[in-house]
Amino acid sequence: MNTILAALLALGLSALLAACGSSPSTRAPVEDRGASSTTTAPVAVAQPVPVTGAIPAPATADKLPPGAENAGKPGYYTVKPGDTMIRIGMDTGQNWRDIVRWNLLANPNQIEVGQVLRVIPPVAGAAPTAGTGAVVASPVPARNAQASTVPPAGAASVPGVAAPAPVVASVPAAPAPATAPAAADDELAWMWPAEGQVIAAFDEVKNKGLGIAGVAGTAVVAAADGRVVYVGSGLRGYGNLVILKHNNTYLTAYAHNRALLVKEDQNVRKGQKIAEMGNSDADRVKLHFELRRQGKPVDPVKYLPPR
């Protein structure tokens, strides 16, 4: 009996040892935390599809200033920083209101740097400059549209005989408006715009006119016949200002006045009182007088009579 029990115990112990020494057919998964970040499946990223044909312009493309296609052409002016319509009129020798009209500007106070403006009169009957303003002009009716189709006077209608082709008389084209000859312009009889000592000589860069001393209320007179194209204080550095246009070549400007005695579009005569001397936008009572030839400042002493 003891022998049998001992044999059974030995058999059970052998089986147990065999079970512990053998490898299991399946093993529990082991998580490798260090490798998990490198074994993660990559995320698919959509690739851009090639576009064939024309490529549209980007939506943020810069817009050209109005009238930019005319930049650099004769008779056009490109707006610079600090410009106003009054200054542009002085610099081009034109009435600023004419420039507004030629360019169909809806608001003369809204001009932008780089904008190109027409500063000479358009040819009669021509369309206004495209792209310079926001107002659309009414179409200009054609003149004598049927003149070329009317048969000559006295032509009879004969049955069976072809009518002769209409004869159009050769009429010379009307010449475009032109500026007055320089010689005629140079014959203007100028006079001094005020009594007083010259305290500032002309300098093309620093002082574009003459400084004439005086006391408050000294009469300021028109240096020649002309038309008033500006009255006001809208041009920085000039104070109360009067600008006269004398012809297609010359402008004169009278600055720092205390009182302005004329109004825009008024015709004035040489020697007529147009203002009273003052010190508006100046450090003392004086008249700043400019004479501009085709918009360019020139030395008034070369045009005024000697004192």
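Checked by atom type and distance alone, the side chain of S280 pairs as donor or acceptor with a backbone atom of N257 at under 3.5 Å. Remark: the backbone N or O of V301 is paired with a side-chain donor or acceptor of D299 at under 3.5 angstrom. Put simply, the side chain of Q94 gets close to the backbone of V119: a donor and an acceptor are under 3.5 Å apart. Between the side chain of H256 and the main chain of L287, no donor-acceptor pair closer than 3.5 Å is present. A donor-acceptor pair is defined here as one N or O able to donate and one able to accept, closer than 3.5 Å; no such pair exists between the side chain of Q110 and the backbone of N107. At distances below 3.5 Å, at least one donor-acceptor pair connects side-chain atoms of T92 with backbone N or O atoms of I88.
The distance from atom CG of L260 to atom OH of Y230, rounded to the nearest 0.5 Å, is 9.0 Å. In this structure, L244 CG and L251 CG are separated by 8.5 Å, a value rounded to the nearest 0.5 Å. The CG atom of L117 sits 12.5 Å away from the CD1 atom of I120 when rounded to the nearest 0.5 Å. Between N109 atom CG and M85 atom CE the span is 9.5 Å, to the nearest 0.5 Å. Taken to the nearest 0.5 Å, the CD1 atom of I99 stands 9.5 Å off from the CG atom of L105. K208 NZ to M90 CE: the interatomic distance, rounded to the nearest 0.5 Å, is 8.5 Å.
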Before you tell me yes or no, could you show the steps for D265 and V228 under side chain to side chain contact (heavy atoms under 4.5 Å, CB included), namely the whole-Å CA-CA distance, both residues' side-chain angles and the distance that decides it to 0.1 Å? CA-CA 5 Å; D265 291 328; V228 182; over 6 Å; no
Stepwise side chain to side chain contact (heavy atoms under 4.5 Å, CB included) check, T249 with Q294: CA-CA 5 Å; T249 301; Q294 296 178 343; 4.0 Å; yes
Dump the intermediate steps for side chain to side chain contact (heavy atoms under 4.5 Å, CB included) on I243 and T252, then the final yes or no. CA-CA 6 Å; I243 301 176; T252 51; over 6 Å; no
Trace of the side chain to side chain contact (heavy atoms under 4.5 Å, CB included) decision for L304 with L210: CA-CA 11 Å; L304 298 173; L210 296 179; 4.3 Å; yes
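Tracing side-chain contacts under 4.5 Å through hydrophobic residues (I, L, V, M, F, W, Y), one reaches Y303 starting from L188; they form part of the same cluster.
Annotation: salt bridge (charged side-chain N to carboxylate O under 4.0 Å, His left out) contacts involving residues 242-262, sequence neighbours excluded, comprise R258-E276. Residues in residues 278-301 take part in these ring-ring contact (aromatic ring centres under 6.0 Å, His included) pairs, two or more places apart or across chains: Y238-H288, Y254-F289.
Remark: R269 pairs with D225 by the salt bridge (Lys or Arg N to Asp or Glu O under 4.0 Å) rule, at least two apart or across chains. When the side chain to side chain donor-acceptor pair (under 3.5 Å) test is applied to D83, the partners found at least two apart in sequence or on another chain are Y77. By the side chain to side chain donor-acceptor pair (under 3.5 Å) test, K73 pairs with N70, sequence neighbours left out.
Here the two rings, on Y76 and W102, have centers that are 6.0 Å apart or farther.
A salt bridge does not link E264 with R227: none of the charged nitrogens is closer than 4.0 Å to a carboxylate oxygen. Note on D98 versus R101: salt bridge recorded, some NZ/NE/NH1/NH2 to OD/OE distance being below 4.0 Å. One finds a salt bridge joining D91 and R292 here, because a Lys/Arg side-chain nitrogen approaches an Asp/Glu carboxylate oxygen to under 4.0 Å.
Taking 4.5 Å as the limit, every side-chain heavy atom of V221 sits out of range of all side-chain heavy atoms of I274. Considering only heavy atoms from C-beta on, L261 stays 4.5 Å or farther from V220 through its side chain. Contact check for Y250 versus L291: side-chain heavy atoms found under the 4.5 Å cut-off.
Within 6.0 Å of atom NZ in K296, 12 or fewer heavy atoms from other residues, nucleotides or ligands are found, so the atom counts as exposed in its surroundings.
In plain terms, the two heavy atoms of L241 and A253 that are nearest each other are CD1-CB, 4.0 Å. When all heavy atoms are compared, the tightest approach of A224 to A189 is CB-O, 4.1 Å. Among all heavy-atom pairs drawn from S233 and N240, the shortest one is CB-OD1, 3.6 Å.
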Side chains of residues 191-205: which donor-acceptor pairs under 3.5 Å do they make with residues two or more places apart or in other chains?
residue : atom : partner : partner atom : Å
W192    : NE1  : P305    : O            : 2.7
D203    : OD1  : V205    : N            : 2.9
D203    : OD1  : K206    : N            : 2.7

